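These notes are about the structure you will find just below.
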Amino acid sequence: MKKFFNIGPGTWVTAAFIGPGTVTVCTMAGVQFGYSLLWALVLSVIACVILQEMAARLGVVTQKGLSEVIKSQFDNKIVKSILVILILSAIFIGNAAYEAGNISGGVLGLATILESSKDTIHIPKYYLSISIGIIAFTLLYIGNYKVLERSLIVLVLLMSIAFVVTAIVTKPDLSMLFKGFIPNFSEDNVLTIVGLIGTTVVPYNLFLHASIVSEKWKTTEDLPAAKKDTIVAIVLGGIVSMAIIVAGAAIQQSEINNAADLAKGLEPVFGVTAKYVLSLGLFAAGITSAITAPLAAAYVVKGCLGWKDGLKSTSFRAVWMFILFLGVLFSSLEIKSIVIIRFAQIANGLLLPVIAIFLVWVMNQQKILGKYTNTWKQNLIGIFIIIITCFLGFRGIWKVIENL
């Protein structure tokens, strides 16, 4: 039991990237391409593990967040200001825009569970949005790292069990399943491949991870534990994503557009239990992301503005409260702030390659990390990931421009 509770910060990363967006992307990948894109998730998980391990190592060695380290490396006020504005725009504004999606995803899962029969009393969706907001608010306001960590561990395990059980219930063809790990590209699947990588390698997770590891681990002797935690948690997240693809592959219906449709689509094929289990997973995915997104934004603002106080400080709480409030409001009123979301997408598209480049660069600075700098193998993989993130970033910006 003690070893079990030694995991933690890595689970926050899993809780953050397995949100409604990831569930929807993986669902559609399964519905449209069957098992054939499982290899893309393996690539995504490897890239995520490499970058998050760097962020965790930086956080443990320096005992600082990523935004603080970035600020400390630039003397030029103009460059520093541009970076701070870019970071705040992508993470603070971006998370505020996406928080409504996190809460709405949780609502979809909860609504599917509650609307089990015609006799069920219809519950307005804004009640469910407010309920999820209250749960997230309570856990965040307690301001206790261990309480937050253990709550997220339980929710991630619940989510993992729900999606894996759903995948098993679909009785996948194992020979076809294994073929899905052989890389294949086509004009039809390239955007989905990019989407799978983009929903796993998330900029704000790098900031969140670097900040929270110092809450749990204080010395370089803890680096092996931090590395193990990162690998175990993110691989678990990868397995969950693969399970969603497997479940999606079992549904051969064109009207499946999101995870809630998948939950309903499973009912006539595999019985009512599968629908409920998957909906429970979607609810857990929504609520974990609804907790981590405001928290990540608060850590980023704290680092950018040089605040020294922690989880219980008034200023720190004000940031996550603001983002959580906007998420509940937009979700309750079903407001789609397209302009804000597009701006956030552009900012994220710019930030992801910039942060990946900076992270690999700073991980080679002996004056910061001493003997804990990157090995040549880590640098080689890091450069490959930078190329991927540049493609992801420019693709994201181009997609926004196309939709204008």
Side-chain angles (χ1 to χ4, degrees), residues 9-10 12-13 16 46-92 201-224 226-227 229-231 234 296-297 299-308 347-390 392-393:
W12 295 50
V13 175
I46 292 171
C48 188
V49 166
I50 296 296
L51 287 180
Q52 295 296 159
E53 188 279 329
M54 290 183 192
R57 185 163 21 117
L58 183 68
V60 173
V61 174
T62 65
Q63 290 291 294
K64 293 179 180 178
L66 185 53
S67 50
E68 293 172 87
V69 176
I70 290 173
K71 280 181 62 181
S72 68
Q73 295 307 299
F74 296 96
D75 295 325
N76 188 299
K77 290 184 179 180
I78 295 175
V79 173
K80 188 182 291 188
S81 298
I82 290 172
L83 279 170
V84 168
I85 290 169
L86 179 59
I87 292 167
L88 287 176
S89 298
I91 308 299
F92 180 75
V201 184
V202 185
Y204 88 72
N205 273 343
L206 297 171
F207 290 91
L208 179 64
H209 204 182
S211 295
I212 59 177
V213 289
S214 61
E215 300 276 356
K216 188 176 186 74
W217 293 303
K218 302 295 183 182
T219 69
T220 53
E221 292 177 0
D222 296 316
L223 282 173
K227 184 176 182 179
D229 170 61
T230 301
I231 293 171
I234 295 174
Y299 272 120
V300 165
V301 174
K302 174 178 179 269
C304 285
L305 301 184
W307 297 343
K308 299 300 180 186
N348 270 299
L350 289 169
L351 183 65
L352 182 55
V354 169
I355 295 305
I357 291 168
F358 174 82
L359 188 58
V360 172
W361 173 77
V362 82
M363 295 309 293
N364 285 278
Q365 303 303 306
Q366 286 192 350
K367 63 180 181 180
I368 298 174
L369 292 164
K371 63 180 181 179
Y372 300 105
T373 54
N374 275 357
T375 64
W376 69 268
K377 290 181 181 178
Q378 288 170 322
N379 283 330
L380 193 64
I381 299 172
I383 291 169
F384 176 67
I385 294 171
I386 286 171
I387 295 170
I388 294 174
T389 56
C390 286
L392 277 172

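The model shown is predicted, which means the values in this text are computed figures rather than measured ones.
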Sequence neighbours excluded, every pair satisfying side-chain hydrogen bond (donor to acceptor under 3.5 Å, both in side chains) that has a member inside residues 72-85: none

Test item: Ile355 and Leu51 side chains (from C-beta on) under 4.5 Å apart, heavy atoms: no

Is a side-chain donor or acceptor of Asn364 paired with a backbone partner of Val360 at a separation under 3.5 angstrom? yes

Result of checking Val61, Leu58, Thr373 against Met363 for side chain to side chain contact (heavy atoms under 4.5 Å, CB included): Leu58

Out of Leu359, Val84, Val362, Ile87, which one pairs with Ile70 under the side chain to side chain contact (heavy atoms under 4.5 Å, CB included) rule? Ile87

In Å, rounded to the nearest 0.5 Å, how long is the span from OG1 of Thr220 to CZ of Arg57? 12.0 Å

side-chain contact (heavy atoms from CB on, under 4.5 Å) for Val300 and Phe92? Distances and angles first, verdict last. CA-CA 8 Å; Val300 165; Phe92 180 75; 5.9 Å; no

Interatomic distance, CG@Leu352 vs CD1@Ile357, rounded to 0.5 Å, equals 9.5 Å

So which heavy atom on Ser214 is nearest to which on Ser211, and how close? OG-O, 2.9 Å

Is it the case that atom NZ in Lys71 sees more than 12 heavy atoms from other parts of the structure closer than 6.0 Å? yes

To the nearest 0.5 angstrom, please state how far the CD atom of Gln366 sits from the NZ atom of Lys371. 12.0 Å

For the atom pair NZ (Lys216) and CH2 (Trp12), what is the distance rounded to the nearest 0.5 Å? 10.0 Å

So which atom in Val213 and which in Pro9 form the shortest heavy-atom distance, rounded to 0.1 Å? CG1-CB, 3.9 Å

Apply side-chain contact (heavy atoms from CB on, under 4.5 Å) to the pair Trp217 and Leu223, showing each step before the final yes or no. CA-CA 8 Å; Trp217 293 303; Leu223 282 173; over 6 Å; no

For the side chain of Gln365 and the backbone of Trp361, is there at least one donor-acceptor N/O pair under 3.5 Å apart? yes

Walk me through it: do Phe358 and Leu206 pass the test side-chain contact (heavy atoms from CB on, under 4.5 Å)? CA-CA 12 Å; Phe358 174 82; Leu206 297 171; over 6 Å; no

Of all the heavy-atom pairs spanning Cys304 and Ser67, show the shortest one and how long it is. N-OG, 3.7 Å

Would you give the length of the straight line joining atom CG of Leu351 to atom CD1 of Ile91, rounded to the nearest 0.5 angstrom? 5.0 Å

Polar side-chain atom of Glu68 near backbone of Gly65 as donor-acceptor pair, under 3.5 Å: yes

Closest approach of Ala16 to Asn205 (non-hydrogen atoms, all atoms of both residues): CB-OD1, 2.9 Å

On a heavy-atom basis, which atom in Val60 and which in Ala226 lie closest, and how many Å separate them? CG2-CB, 4.2 Å

Quick one: CG on Asp229 to CG on Asp222, what's the gap to the nearest 0.5 Å? 11.0 Å

Passes side-chain contact (heavy atoms from CB on, under 4.5 Å), Ile234 versus Glu53? Steps please. CA-CA 10 Å; Ile234 295 174; Glu53 188 279 329; over 6 Å; no

